2 protein chains.
Amino acid sequence: MKRPLPALSSRKAADARPPVADKRDAIMRAATQVFAQRGFFNAQVADIARAAGVAAGTVYLYFRSKDDLLVSLFERTMKDAIAEGRAALAGATDPRERLSRIARLHLERLGRDRDLAVVFQVELRQSTKFMERFSSSYLREYLGLIREAVEAGQAEGLFRRDVSATAASKILFGALDEMATNWMLSRRRYPLENDADTVIDLFLHGVGDRTRPVGGVA
Amino acid sequence: MKRPLPALSSRKAADARPPVADKRDAIMRAATQVFAQRGFFNAQVADIARAAGVAAGTVYLYFRSKDDLLVSLFERTMKDAIAEGRAALAGATDPRERLSRIARLHLERLGRDRDLAVVFQVELRQSTKFMERFSSSYLREYLGLIREAVEAGQAEGLFRRDVSATAASKILFGALDEMATNWMLSRRRYPLENDADTVIDLFLHGVGDRTRPVGGVA
DNA sequence: CGACAATGAATGAACATTCATTCATGAAGC
DNA sequence: GCTTCATGAATGAATGTTCATTCATTGTCG
């Protein structure tokens with residue numbers, strides 16, 4: 001009854017068979033494209049298979065189900081993004097610089113691949129089922145990355161301590177997320193990563209005119 | 001061949017029948033609930049009908065299709081929200097106060113009805129089809145409301161002029177949106193509207209410590 | 001030869017939508 | 001006041017389609 005999982009068939013070197021990673025990858029790429037184009041629920045597995053140049057049944061040799069395909073897409077991308085993020089952060093000690101790098105990386109990655117952006121900004125938010133699952137795993141980790149930078153800034157006295165670091169990180173994430181969504185929906189093709197500076201600038205300094213006395217709203 | 005539309009059968013006064021608005025409303029309420037619970041694509045029209053206490057076919061006397069039901073939900077809510085927003089803004093001249101009211105109203109409305117929040121934060125983002133449609137209509141108008149307040153602030157010299165009002169309004173909206181999404185996904189039931197002050201505070205002043213010299217990041 | 005990846009036609013379940021029929025209401029006629 | 005009729009809202013079983021998924025078969029290595 002076991003469905004054959006893609007085995008590590010070639011025990012030799014990395015050239016004997018490109019089968020596993022190769023085909024799996026092709027299917028994921030195709031899925032990104034098709035999901036972006038038609039939407040997850042309207043996308044047919046057969047479409048994805050065709051786009052990947054394989055038969056419908058083949059998809060099921062590499063993925064348990066259509067759902068699994070979407071989840072795998074998300075997990076792989078998030079894993080990459082977090083790794084890349086941590087790497088980029090290694091070289092920066094100033095919390096402001098750290099936030100700036102996160103923001104730039106975030107928008108660069110999505111701005112590089114519009115299909116991926118569509119999947120992330122739209123298709124992944126299909127249902128609370130997915131949302132809950134995602135937000136409690138990698139997304140949580142990603143938000144944590146931001147929060148740590150904010151906390152570091154507070155500890156160093158660079159950032160205000162009278163705002164919750166958690167709230168601040170949500171706000172920054174929300175701002176980036178909205179920039180990405182806008183870009184993805186817009187017909188214009190401007191360089192998304194440029195928004196990173198604007199977001200960070202506003203996040204650090206606010207819109208309030210600094211040349212004037214600080215006025216509260218409430 | 002014409003399907004009977006709910007007619008204004010009683011020509012007399014406003015008490016003769018509660019039928020039309022009543023049932024339509026019940027279906028919309030039920031739809032909000034069922035969409036929130038199961039997600040748009042997994043929700044069956046029959047479920048909605050049952051929840052509304054009508055037969056499946058009846059739904060089609062009031063709505064063209066399942067899609068139409070979701071669209072109607074969105075339009076009614078947005079119409080309400082924008083009207084309420086404009087009303088609240090009438091009494092405030094200070095742009096900071098205007099933004100504050102928008103933020104509070106935004107979060108209050110969603111925080112009042114979790115099912116509605118789920119539909120707005122998740123289900124409406126089903127597909128680019130919906131997204132494009134929404135973002136180009138009411139959402140655009142809503143963003144415009146925010147942008148106008150920002151522009152007014154800039155004109156009055158209260159806000160910095162070196163940031164695009166459009167970018168700033170996206171950022172504010174994104175921050176509010178993320179607060180709402182977090183609240184909706186969280187198991188804890190805290191008063192969402194309290195986040196409005198935090199968001200506005202940060203939007204106006206940023207996280208940067210004001211007691212220190214202004215340091216640029218780049 | 002095996003062994004196993006790949007195929008794609010066949011299966012069957014799920015569901016939006018339709019529409020022939022029922023029923024409650026109120027008007028008209030007696 | 002009572003009966004009959006017309007109207008159209010409401011019903012819900014039946015329809016037809018649309019796929020995700022399976023699996024018997026085929027092709028290809030070593």
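Side-chain atoms are counted along with the backbone in the values below, which use heavy atoms only and exclude waters and symmetry mates. Since this is a predicted model, take the numbers as computed values, not measurements. Chain letters run A, B, ... following the sequence lines, proteins first and then strands; every chain starts at 1.
- Checked against side-chain contact (heavy atoms from CB on, under 4.5 Å), B:A152 has the following partners two or more places apart in sequence or in another chain: B:P95.
- In this entry the distance linking CD1 of B:I48 with P of D:dG12 reads 17 Å, nearest Å.
- Summarising the geometry, the separation between CZ on B:R64 and P on C:dA16 is reported as 17 Å, rounded to the nearest angstrom.
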Compile the donor-acceptor pairs under 3.5 Å between side chains in residues 81-88 of chain A and protein atoms, sequence neighbours left out, one pair per line.
from, atom 1, to, atom 2, distance (Å)
A:E84, OE1, A:R109, NE, 3.4
A:E84, OE1, A:R109, NH2, 2.5
A:R86, NH2, A:E141, OE2, 3.1

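- Atom C1' of nucleotide C:dT17 and atom OH of B:Y62 are separated by 18 Å, given to the nearest angstrom.
- When distances run from any side-chain atom of A:K23 to the nucleotides C:dA6, D:dT11, C:dT7, the shortest one goes to C:dA6.
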Protein N or O to nucleotides 18-20 of chain D N or O, pairs below 3.5 Å:
from, atom 1, to, atom 2, distance (Å)
D:dC19, OP2, A:Q44, OE1, 2.9
D:dA20, OP1, A:A43, O, 3.0
D:dA20, OP1, A:K66, NZ, 2.9
D:dA20, OP2, A:V45, N, 2.8

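- Axis deviation across the helix from C:dC1-D:dG30 to C:dC30-D:dG1 amounts to 0°, comparing end segments of five pairs, rounded to 10 degrees.
- Here the P atom of nucleotide D:dA9 and the CZ atom of B:R24 are 14 Å apart, to the nearest Å.
- Of all non-hydrogen atoms in B:Y60 and B:S65, the two that sit nearest each other are CE2-CA, 4.0 Å.
- Distance, A:D47 CG to C:dG8 P: 15 Å, rounded to whole Å.
- The side chain of B:L61 has D:dT11 as its nearest neighbour among C:dG8, C:dA5, D:dT11.
- The stretch residues 168-178 of chain B participates, sequence neighbours left out, in these side chain to side chain donor-acceptor pair (under 3.5 Å) pairs: B:Q121-B:D177, B:R125-B:D177, B:E178-B:N182.
- Applying the side-chain contact (heavy atoms from CB on, under 4.5 Å) test to A:R187 and every residue at least two apart in sequence or in another chain returns nothing.
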Check: residues 44-59 of chain B side-chain donor-acceptor pairs under 3.5 Å, at least two apart:
from, atom 1, to, atom 2, distance (Å)
B:D47, OD2, B:R38, NE, 3.2
B:D47, OD2, B:Q44, N, 3.4
B:T58, OG1, B:A55, O, 3.4

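- Every residue meeting the salt bridge (charged side-chain N to carboxylate O under 4.0 Å, His left out) condition with A:D67, not counting sequence neighbours, appears here in chain and number order: A:K129.
- Remark: A:K23 is not positioned above the aromatic ring of A:Y62, lacking an NZ or CZ atom under 6.0 angstrom from the ring centre and at most 45 degrees off the axis.
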For residues 70-77 of chain A, run the donor-acceptor check on the side chains, cut-off 3.5 Å, and write out each pair with its distance to 0.1 Å, sequence neighbours left out.
from, atom 1, to, atom 2, distance (Å)
A:S72, OG, A:D68, O, 2.7
A:R76, NH1, A:D25, OD1, 2.7
A:T77, OG1, A:L73, O, 2.9

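- Residue contacts for A:V59: at a heavy-atom cut-off of 4.0 Å it reaches no nucleic acid atom on any strand shown.
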